[in-house]
Amino acid sequence: MTLAHRAAAMLEPWRLGAFAAAAMTLLPVAAILLLALFPAQNIWPHLLATTLPSYITNTLLLMLGVGAATLVTGVATAHLVTAYEFPFRKHLEWLLLLPLAVPAYVIAYLYTDLLEFAGPAQRGLRALFGWQLARDYWFPEVRSMGGAVALMGLVLYPYVYLMTRASLLEQSARLLDAGRLTGRGPLAVFFFVSLPAARPAVAVGVALALMETLNDFGTVDFFAVHTLTAGLYDVWLNMGNLGGGAQIAATMLSFTLLLISLEYFGRRRRRFYQSAGRFAGRERLQLRGRKAAGAFLACALPVIFGFALPAALLLGHAAANFEESWTRDFRRSAFNSLWASALAALACVALAVVVGYARRMHGNAPLALAARAASLGYAVPGAVLAVGVLIPFAAFDNALNAFLRARFDVNAGLLLSGSGFAVVFAYVIRFLAVSVGSVESSWSKVSESMDMAARTLGHGAWQTLRRFHLPLIRGGALAAALLVFVDCMKELPATLILRPFNFETLATQVYYFASDELIGQSALGALCIVLAGLAPVVMLSRAISGGGLGRAE
Amino acid sequence: MPALLEVSGISCRYPSERSAVVGASFQLDHGMLACLLGPSGCGKTTVLRAIAGFRRLDTGAIYLNGERIADTRGGLPPERRGLGMVFQEHALFPHLNVEDNITAGLRAHSAAVRRDIARDMLARLGLAGMERRYPHELSGGQQQRVALARALAPRPRLLLMDEPFSSLDFDLREKLRQEVRDLLKDIGAACLLVTHDQQDAFTFGERVGVMRRGAIVQWDTAYRIYHRPATRFVADFIGEGVLLDGVVESGDAVKTELATLRGEIDPQFAPGDAVQVLLRPDDIVHDDAGPRFAKIKKRAFRGENYLYTLALPSGREILSLVPSHHNHAVGEDLGIKLEIDHLVLFSAASQ
C-alpha cells in the first residue's frame with residue numbers, strides 16, 4: 001500500500017470522526033499545559049512561595065482521608081453482603097448504592113445545617129443537658145477537613161463497594177474452599193484469598209472515588225478547605241490571573257494522571273484474577289444473633305447517613321419552603337439544566353457511536369488509542385476542564401471579534417465562550433467516557449459476523465449501522481444517554497466557570513442559595529438533582545438484583 | 001468465459017496475526033462447489049474475508065467474472081460484490097423475524113416479490129410457515145437454514161461459507177450438508193466453503209484446497225487429495241496412514257521391508273532413490289492366507305471396522321482397516337495382503 005493510499009484510508013469519515021472526538025478531549029488539556037508553561041504573567045514563583053504548598057497538602061489530606069473512608073466502608077460492606085447471610089441482606093445489597101445519587105455538595109449543605117451550633121442537633125443537646133455556650137461542651141466542627149472527608153466518604157464509597165462486590169462474586173467458590181483447607185477461618189480466608197484477588201478491583205473503585213474528590217468544588221468551597229480546586233477558583237476568578245490558574249490546573253492534572261494510572265493498572269491486573277470459565281456460586285455463611293445485627297448495622301448505617309437522612313431532610317426543607325422556591329428563576333434554571341444536559345447526552349451518545357463504529361470497522365491500534373483518549377475527560381476535574389475549554393474558546397472569540405470589527409465594524413460578542421455552548425462542550429468532554437463505555441459494551445455482544453452478513457447483503461456502512469446496529473445497541477445507547485444526562489444535571493464546578501452571565505442551572509442555583517445559607521430555598525433544586533440521580537442508581541440496582549452485574553463489570 | 005472467481009497470489013498479514021495468507025492462488029468455475037480445508041490458524045478464513053471484501057490485500061488481486069474486484073489499492077466495498085456469506089454462528093439479525101432476515105438483502109424488489117422469495121426459500125429448506133418466528137425461537141439447525149436462505153435470496157453468483165456446520169451436532173451436520181449441496185446445485189450457485197473437517201470437504205467439495213501456513217498446498221478433487229497427496233503435509237493431514245521407507249528398483253517397483261510394491265512411479269524418481277511410500281489403512285487388506293503376517297500391536301474398534309496397528313519385524317508400524325467381524329487379539333499375527341492402485345512416493349531426502 002502506498003503512502004497516498006494510506007492517507008486516503010485515514011480520511012475515511014468514521015475514522016476521522018473518532019480522531020476528532022479524541023482531539024476534542026485533548027484540546028483543553030493541551031491548552032492548559034500551553035498556558036501553564038508560557039503564562040502572560042508568571043506568578044508561579046509567587047504561588048510556590050505562598051499558597052500552593054498548602055493547597056497541595058490539603059488536597060493530599062483530603063484524598064487520603066476520602067480514600068481511606070471509601071476503602072474501609074466499600075470493602076467491608078461488599079464483603080458482608082457477599083460472604084454472609086443476615087436479615088435484609090438482599091435489600092441492602094442494592095440500597096448500599098443509593099448514596100451515589102446525592103452530590104457531595106448537597107450532603108455538605110444539609111449536614112452543616114443539621115449539625116452547626118444553631119442547628120437542630122446542637123440545640124437539642126443544649127436543651128437536654130442545660131448547656132448554654134459553645135465552650136460548655138465539645139462537638140465536632142462540620143465545616144472542617146474532617147467533615148469534608150466524612151461527608152465525601154459517605155457518598156463516594158459506592159464506587160468501591162460496586163467494584164469490590166463484583167470482583168468478590170467472580171471469585172470461584174473452589175478458591176475459597178482451598179483457602180479454608182489451609183486451616184484458616186472465614187475471616188482469615190477473606191484477608192488471605194479474597195481481598196488480595198479483589199485488590200485490582202478495589203483500586204479501580206478507590207481511583208474513581210478519588211477522581212470525584214479531586215473534582216469536587218461545592219463541598220470544599222462551603223467548608224473553606226483550601227484544596228487545589230478551591231485555589232484554582234481563587235486565582236482564576238477572584239485574582240483574574242489566567243496563567244496562575246492554568247498552572248494550578250496543570251498541578252491538578254498530575255494528580256489526575258496518577259489516578260488514571262491507578263485505575264488503568266487495576267483494570268489490567270483484574271483480568272489475571274478473574275476466574276476462568278463459569279461462575280461458581282458460593283454459599284453465604286448464615287449469621288445469627290449479635291453477629292447478624294452487627295452485619296446489618298454495618299451495612300445499614302452508610303445507607304441511612306448517606307441517603308435516607310439527607311433525603312428526608314431535603315424533602316422536609318423543600319416542602320416547608322415550596323412557595324418561596326417554586327419561582328420563575330427556579331423554573332428557568334431547571335429548564336437550562338434540562339436542555340444543556342439533554343444536548344450533552346445526545347452529543348455524547350452520537351460521538352460514542354462514531355468512535356465505536358470506527359473501531360469496529362477498522363479495529364487497529366491508532367483507533368484504540370483514540371477511543372482511550374476520547375474517554376480521558378472523566379478523570380479531569382471539572383474546574384480544570386472548564387479552564388482548559390475557556391482558554392481556546394476565548395482566544396477564538398477574541399480573534400473573531402477583532403477580525404469582524406476590523407473588516408465589517410460589527411461586534412459579534414462572545415460566540416463560544418459567552419454562550420451555553422461552552423457549558424455543553426465541557427459536559428460532553430467530561431462525560432464522553434460514560435457513553436463510550438456503555439455503547440462499546442453493548443456493541444461487544446454483537447458478533448462481527450453480523451456486520452459481514454449485512455455488508456454482503458448489499459448494505460453500506462451507514463445503512464448497516466442504521467438498520468442492524470442501532471436497533472441492537474439501543475439499550476446501551478439509552479442507558480448511556482441517561483447516565484450522561486444525570487451526571488450533567490449534577491455537574492457544578494465546570495458550570496460555575498463556563499456559564500454565561502445570567503445563566504443558572506439547578507446545580508449553580510443550589511450552590512448560590514447554600515452559600516448564602518438559604519438552605520431552605522436551595523432544597524427544591526437539590527431534591528430535583530437527587531431524584532434525577534436516582535434513575536441510574538435504580539438501573540444499577542436492577543442489574544445487581546438480576547445478577548447481571550455479578551459477572552460482568 | 002473467464003472463471004467465476006480467480007484468486008491470484010493474494011497475501012494478507014498483520015504483524016501480530018497467526019492466520020496470515022501468503023500468496024494464495026486458485027480458480028473457481030461457475031456453479032462449482034469448493035472447500036478450503038486446513039488446520040485452525042492456516043489462514044483459510046482470512047482468504048474468505050478477503051474475497052468478501054473485509055480484508056485488505058498486501059499482494060495479489062481477486063477477480064470475479066474477470067472483473068478485478070480487489071487488489072493492493074483497495075477494492076469494491078463488500079456490499080457491491082454481490083456475494084452471499086454464511087457464518088459458523090449463523091449471525092441472524094436478532095431484532096428481525098425470519099422473513100425480514102431473509103429479505104434483508106432484497107432491496108430492489110417490491111414487498112410482494114420479497115415475500116414470495118422468502119416463502120420460496122423457506123419451502124425449499126423445509127421451514128414453511130416459520131416467517132413470523134424470531135431467531136431465538138429457532139433451533140441451531142433451523143437458524144443455519146435461515147442464514148442460508150438469507151444469503152441465497154438475492155441469488156448471488158457465489159456463496160461463501162465459513163465453517164457453517166461446525167456448531168451443529170453430527171447427524172444434523174450430515175443431513176444439512178446434503179441439503180445445502182442439493183439446493184446449491186438446484187439454483188446453480190457456486191460455493192466456497194471453509195472448514196477444518198475432512199468430512200465436510202470430502203462430501204461437499206467438487207474441488208478441495210488444502211491450506212497450510214497461509215498457502216494453498218494442493219487444489220484438486222477430493223479423491224486425488226486423498227489418494228494422490230501432493231506433499232507430505234497433505235498426506236499426513238488428510239486421512240490416516242504411515243510412511244514406509246523404501247528404495248526405487250525400477251520404473252514401476254519400490255522395494256520396502258513389507259514387499260516390493262508395484263505401480264506407476266512419478267518420473268522424478270530414478271532407480272536407487274531412497275523414498276517413503278504412503279500406506280493408507282485401506283491399502284493393507286486382511287487375508288488369513290497372507291501372504292504376509294504382522295504382529296497386532298494395538299487395535300481400535302470403529303463399529304464396522306477395526307483399525308489394527310501392526311508391527312513389522314523391524315519394529316516399524318503400519319495400519320490396516322479390517323471389517324469388524326474379523327476379531328483378532330493383540331499379540332496375534334494377522335495375515336495381510338497389499339492392494340495398492342497407485343504409489344504415492346516422497347523423497348526420503350526432503351524430510
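Here the structure is a predicted model, which means the values were calculated and not measured.
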- Looking at B/Pro94, B/Gly74, B/Pro77, which one has more heavy-atom pairs under 4.5 Å with chain A than the rest? B/Pro94
- Query: Given the options B/Leu106, B/Leu83, B/Leu160, B/Leu96, which has more heavy-atom pairs under 4.5 Å with chain A than any of the others?
  - Reply: B/Leu83
- Quick one: do B/Asp162 and B/Arg49 make a salt bridge, cutoff under 4.0 Å? no
- Message: Tell me which of these, B/Pro154, B/Ala52, B/Ala104, has more heavy-atom pairs under 4.5 Å with chain A than the rest.
- Response: B/Ala104
- Query: Side chain, backbone, both or neither: which part of B/Phe54 has an atom under 4.5 Å from a heavy atom of chain A?
  - Reply: side chain
- Which class fits the ring pair B/Phe93 and A/Phe468: parallel under 30°, tilted 30 to 60°, perpendicular over 60°? parallel
- For chain B, which of A/Gln463, A/Met452, A/Arg467, A/Glu448 has the most heavy-atom pairs under 4.5 Å? A/Met452
- Query: So, B/Gln144 and B/His90: side-chain donor and acceptor under 3.5 Å apart, yes or no?
  - Reply: yes
- Query: Is a side-chain donor-acceptor pair under 3.5 Å present for A/Arg15 with A/His362?
  - Reply: yes
- Query: Quick one: what part of B/Leu92 sits under 4.5 Å from any heavy atom of chain A, side chain, backbone, both or neither?
  - Reply: backbone
- Message: Taking side chain as everything from C-beta outward and backbone as N, CA, C, O, which of these in A/Ala454 sits under 4.5 Å from a heavy atom of chain B? Side chain, backbone, both or neither.
- Response: both
- Side chains of A/Val484 and A/Leu432: closer than 4.5 Å at any heavy-atom pair? no
- Item | Exercise: do A/Ser449 and B/Glu89 side chains pair donor with acceptor under 3.5 Å | yes
- Counting heavy-atom pairs under 4.5 angstrom with chain A, the leader among B/Ala153, B/Gly53, B/Ala91 is B/Ala91
